[in-house]
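Structure first, commentary second.
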Amino acid sequence: MRDVSVSVGRVSVYFQGEVLDASEGAISTDTALLSVRPLSLFCVVVAIFISTLHDMSIVYRYLLFPCFHVPCCCYVCLQVGYILLIAYATVVMTRRSGVHSNGTMATVSFIAVGMSIVCMWSLGLIFGLDFSLVVQASFFLLAGLGIDDTFVIMAAYRESNFKLRPKIRIQRALSIAGVSITLTSLTDAVAFGAGTFTSLPAIQSFCIFTLIGVLFDFMFQVTFVSAVLYLHAVRERDGRYDLLPCIKSSSPDKQSCSNQEFDHDSQGIAEKIFGVYLPKLILHPAGKVIVLVLAAGLAGSSIYAATLVPSEFSITFLVPSDSPVQDALDVLDHFGGHPVFSSVYTGPSQYGYDNVTTQEEMIVLSMELLGSPYFSTCDNWWTVFQAYVQASSPGNITMDGIINEDAFYPLLDVFFLSENGGKVSNFVVFNGTQLIQYSQIQCQFAETGKLGAKINSMLEIRSIASSHPLLGGPTITTARGEVEFPFAYNFAHLFFDGLVVVKEETLRNVLIAFVAVGVMSTLLLANLRAVFVVAMMLALVDANVLGFMYYTGVDFDTVSAINLVIAVGLAIDSSVHIAHAFLVSHGTKTERAAKALKKLGSSVFHGNFSTFLAILPLVIAKSFIFQVFFKVLSLILFFAILHGLVVLPVILSLVGPDPYPEKILDDCQEDTFTIEMFDSEHGRYFIENKKLEEGSRIALEERDRTVVLDFDEEEIWS
């Protein structure tokens with residue numbers, strides 16, 4: 001019996017016991033280009049890739065010699081992660097047939113991921129974006145996202161009948177997988193795009209780089225990977241080996257190292273677990289109750305723990321754990337901890353530092369700093385100078401501490417030559433006329449243990465400095481504008497400032513990402529109830545991740561805040577895949593939930609687990625940033641799988657939306673149908689275009705034989 005497929009416009013229907021409705025494919029209308037001229041399309045993609053890298057000096061500097069620009073440990077982690085990733089993907093895609101295996105597509109996917117990473121890196125550097133250790137985490141993230149898309153494409157490809165022509169197989173695969181990867185890629189891009197609306201440079205830079213990478217990865221998946229997949233399908237049709245495509249197999253339908261026939265419908269362990277056993281377990285009435293109770297309990301405990309997550313910063317966070325500096329910082333704990341300093345910088349006074357008004361301002365400023373409970377000591381050149389004049393020349397200083405204007409600079413010159421004056425001479429900067437231009441007063445924070453006290457100390461010294469405008473003015477032009485003296489500053493303020501606004505910024509960014517993802521999901525899923533359920537899964541994932549940060553000892557800071565934004569992008573993938581598979585399935589709600597798990601459950605698991613393998617080497621990283629990324633990303637991936645493959649199917653089986661309407665033939669009587677006949681014995685096709693009507697008979701002639709097919713409307717569109 002020959003296999004016959006009928007195509008009507010965009011709709012492909014395959015006979016011989018199975019009805020295929022390639023309908024909701026977002027990119028299926030363009031797949032003819034992939035199948036007709038795959039090599040031309042591949043050349044176009046390569047040209048785009050090369051044009052992106054037109055500044056080769058950047059590539060040589062950052063790509064060919066990364067060990068000079070990234071920590072060696074991080075570079076090794078990246079290599080090990082990629083090796084684990086490609087090894088796992090190859091094992092998952094390999095089947096027990098040398099011909100019908102897909103293992104080489106794992107390498108193709110990895111190449112696409114590598115090209116997207118290089119394009120992201122190069123384009124970001126060309127545009128002048130800041131590159132930091134935080135941005136390097138996107139390398140691990142993109143690897144997982146790219147392989148995830150390939151798993152979905154290959155799952156759809158594997159479900160298509162291997163006897164179909166390669167063009168039809170690719171169209172069929174992309175018509176099914178195209179929607180899912182388009183949904184997840186665009187929602188990921190929107191989520192990271194929403195993260196750019198922040199005042200925190202680290203989060204902004206990371207989100208911009210990752211946004212670029214996600215878009216490039218999507219482009220390479222639907223062009224480069226799909227084009228190579230067409231060649232892969234041609235190889236499979238011709239009976240050539242997966243790993244050795246230049247060699248043709250003498251028994252293409254046999255299992256490897258066996259004379260048994262290869263079963264194309266055979267399922268692997270993951271397919272059986274997530275497609276058979278898991279639906280039976282969680283979609284049973286008792287299983288639904290248990291899942292919902294456990295999910296509610298997990299959410300409640302996570303929300304409570306989220307209120308206990310502390311915010312903290314220590315200078316030790318910036319030092320690798322194996323650095324000798326870390327040992328020195330540990331020793332400081334025995335001497336009162338790590339001192340934190342902050343300085344008040346005064347500028348050119350409006351009247352000069354020898355003027356009485358300026359001296360009065362300096363006296364008040366010094367008294368306020370010494371009288372503040374937030375500071376223990378201050379290195380103040382002004383008070384030391386006053387004490388020197390009082391001791392060496394008491395006639396030139398009043399009872400209020402005002403130094404004679406005429407004697408001010410002569411006494412100051414002598415003072416800096418003295419022992420005490422030499423200790424503070426570096427706190428004063430003179431202009432060309434030997435008059436004071438800038439000065440610095442350095443104070444030590446009284447309490448260095450709690451972050452709240454450090455932040456209050458920073459706010460206090462800033463308030464004191466800004467209350468003395470006579471001690472300066474707009475004098476220095478920077479990239480951000482005029483610097484107005486006096487002001488307070490210390491390197492640690494950079495981190496304290498971030499921690500002051502990090503909670504507000506994170507909440508705002510996550511909400512923006514939620515809204516943006518919701519709008520995008522609504523446009524693509526076209527079902528408000530499905531979007532609401534997916535949004536609920538995202539909220540639960542973020543709540544669980546934030547709560548378990550407390551249980552795993554992760555503080556709330558800029559690094560963990562980035563991961564909460566990432567959670568929106570990662571968690572949406574699992575939920576959208578299952579939600580879309582549920583919408584295109586038909587039957588009862590429980591049956592549709594089971595079909596969704598059978599169709600994409602294993603692919604969703606493989607995508608998340610492969611991402612985990614990519615970040616697994618970070619467990620040995622010495623950098624605090626990568627240690628936090630590993631902990632929080634692991635939590636995100638775990639809860640994304642839990643809610644996407646366990647909680648979401650249960651909720652959909654109870655309150656899920658109605659499916660998309662099935663295709664019905666109402667006005668297609670005049671359409672042209674393509675009749676295909678495949679001779680599996682000779683590997684030849686016969687194609688003829690005919691107009692079909694109910695009861696029509698089509699005669700297909702091949703060699704000296706005629707095959708007569710009877711068609712009626714019910715048979716075609718059943």
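Since the structure is predicted, the reported quantities are computational estimates derived from the model, not experimental observations. FYI, side chains are in, hydrogens and waters are out, and symmetry mates aren't considered; it's all heavy atoms of this structure.
A distance of 10.5 Å separates CG of Leu412 from CG of Leu435, quoted to the nearest 0.5 Å. With values rounded to the nearest 0.5 angstrom, Leu471 atom CG is found 14.5 Å from Tyr438 atom OH. Once rounded to the nearest 0.5 Å, the distance linking CZ of Phe612 with CD1 of Ile615 reads 6.5 Å. With values rounded to the nearest 0.5 angstrom, Asp542 atom CG is found 11.5 Å from Leu635 atom CG. Atom OG in Ser466 sits 11.0 Å away from atom CD1 in Ile461 (nearest 0.5 Å). Separation of atoms CD (Gln440) and OH (Tyr489) is listed at 11.5 Å; rounding is to 0.5 Å.
Partners of Ala305 by side-chain contact (heavy atoms from CB on, under 4.5 Å), not counting sequence neighbours, listed by chain and number: Tyr550, Tyr551. Under the rule for a side-chain hydrogen bond (donor to acceptor under 3.5 Å, both in side chains), Thr383 has no partner lying at least two apart in sequence or in another chain. Residues meeting the side-chain hydrogen bond (donor to acceptor under 3.5 Å, both in side chains) test with Thr346, sequence neighbours left out: Tyr353, Ser439. With sequence neighbours left out, Cys443 forms a disulfide (SG to SG under 2.5 Å) with Cys378. With sequence neighbours left out, the side-chain contact (heavy atoms from CB on, under 4.5 Å) criterion links Asp148 to Val152, Asp573, His577. Residues forming a side-chain contact (heavy atoms from CB on, under 4.5 Å) with Thr357 (at least two apart in sequence, or on another chain): Tyr351, Asn355, Leu470. By the side-chain hydrogen bond (donor to acceptor under 3.5 Å, both in side chains) test, Thr358 is found to be paired with Ser349, residues two or more places apart in sequence or in another chain being considered. When the side-chain hydrogen bond (donor to acceptor under 3.5 Å, both in side chains) test is applied to Glu361, the partners found at least two apart in sequence or on another chain are His468. Ile641 meets the side-chain contact (heavy atoms from CB on, under 4.5 Å) test with Phe605, Asn608, Leu645; sequence neighbours excluded.
Listed here is the closest heavy atom pair of Trp382 and Ile403: CH2-CD1, 4.3 Å. Minimum heavy-atom separation, Phe375 to Ser457: CZ-O, 3.7 Å. What you find for Val344 and Leu365 is that their closest heavy atoms are CG1-CD2, 4.2 Å. Across every non-hydrogen atom of Leu211 and Gly193, the tightest pair is CD2-CA, 4.1 Å. Here the closest heavy-atom approach between residue Ser574 and residue Ala640 is recorded as CB-O, 3.7 Å. Residues Ala543 and Ile303 come closest through the heavy atom pair CB-CG1, 4.4 Å.
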Report task. Please lay out, stage by stage, how Asp217 and Met120 fare under the test side-chain contact (heavy atoms from CB on, under 4.5 Å). Result -> CA-CA 9 Å; Asp217 176 69; Met120 172 198 72; over 6 Å; no
Report task. Could you check Asp555 against Val309 for side-chain contact (heavy atoms from CB on, under 4.5 Å), going step by step and ending with a plain yes or no? Result -> CA-CA 6 Å; Asp555 297 330; Val309 178; 5.7 Å; no
Report task. In sequence, state the C-alpha distance, the side-chain angles, and the governing distance for Tyr345 and Phe485, and then conclude on ring pair (Phe, Tyr, Trp, His ring centres under 6.0 Å). Result -> CA-CA 7 Å; Tyr345 294 87; Phe485 290 89; 7.6 Å; no
Report task. Applying side-chain contact (heavy atoms from CB on, under 4.5 Å), run through Phe385 and Phe408 and close with a yes or a no. Result -> CA-CA 10 Å; Phe385 179 44; Phe408 184 90; 3.7 Å; yes
Requested in this report: Kindly determine whether Glu368 and Ser467 satisfy side-chain contact (heavy atoms from CB on, under 4.5 Å), including the steps that lead there.
Outcome: CA-CA 10 Å; Glu368 290 177 350; Ser467 64; 3.9 Å; yes
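Counting only heavy atoms from C-beta outward, the side chains of Val515 and Leu511 never approach each other to under 4.5 Å. Under the 4.5 Å side-chain criterion, counting only non-hydrogen atoms from C-beta, Gln437 is not in contact with Val428. Put simply, the side chain of Val619 does not reach to within 4.5 Å of the side chain of Lys631, judged on heavy atoms. Counting heavy atoms from C-beta outward, Phe216 and Leu123 have side chains that approach closer than 4.5 Å. In this structure the side chain of Val554 reaches within 4.5 angstrom of the side chain of Val632, judged on heavy atoms. Looking at heavy atoms from C-beta onward, Leu642 lies in side-chain contact with Phe639 at the 4.5 angstrom threshold. Contact annotation: the side chain of Tyr374 never approaches that of Leu369 to less than 4.5 Å [non-hydrogen atoms, C-beta and beyond]. Using a 4.5 Å heavy-atom threshold, the side chains of Met537 and Leu540 count as touching.
Side chain of Gln444 to backbone of Phe341: no donor-acceptor contact under 3.5 angstrom is found. Ser301 places a side-chain N or O within 3.5 Å of a backbone atom of Leu298 that can act as its donor or acceptor partner. Under the 3.5 Å distance criterion, the side-chain polar atoms of Gln390 are left unmatched by any main-chain donor or acceptor of Ile397.
Listed by first then second residue, pairs satisfying side chain to side chain donor-acceptor pair (under 3.5 Å) with a partner in residues 391-416 read Ser393-Asn396, not counting sequence neighbours. Applying the disulfide bond (SG atoms under 2.5 Å apart) test to pairs two or more places apart or on separate chains, none has a residue in residues 403-435. Within the structure, salt bridge (Lys or Arg N to Asp or Glu O under 4.0 Å) contacts touching residues 456-469 (residues at least two apart or in different chains) are Arg462-Asp497.
Atom OH of Tyr304 sits in a sparse spot, with 12 or fewer heavy atoms from other residues, nucleotides or ligands closer than 6.0 Å.
In this structure, Phe206 and Phe192 have perpendicular ring planes: the angle between them is above 60°, well past the 30° mark.
Between Phe548 and Phe638, the ring centre distance reaches or exceeds 6.0 Å.
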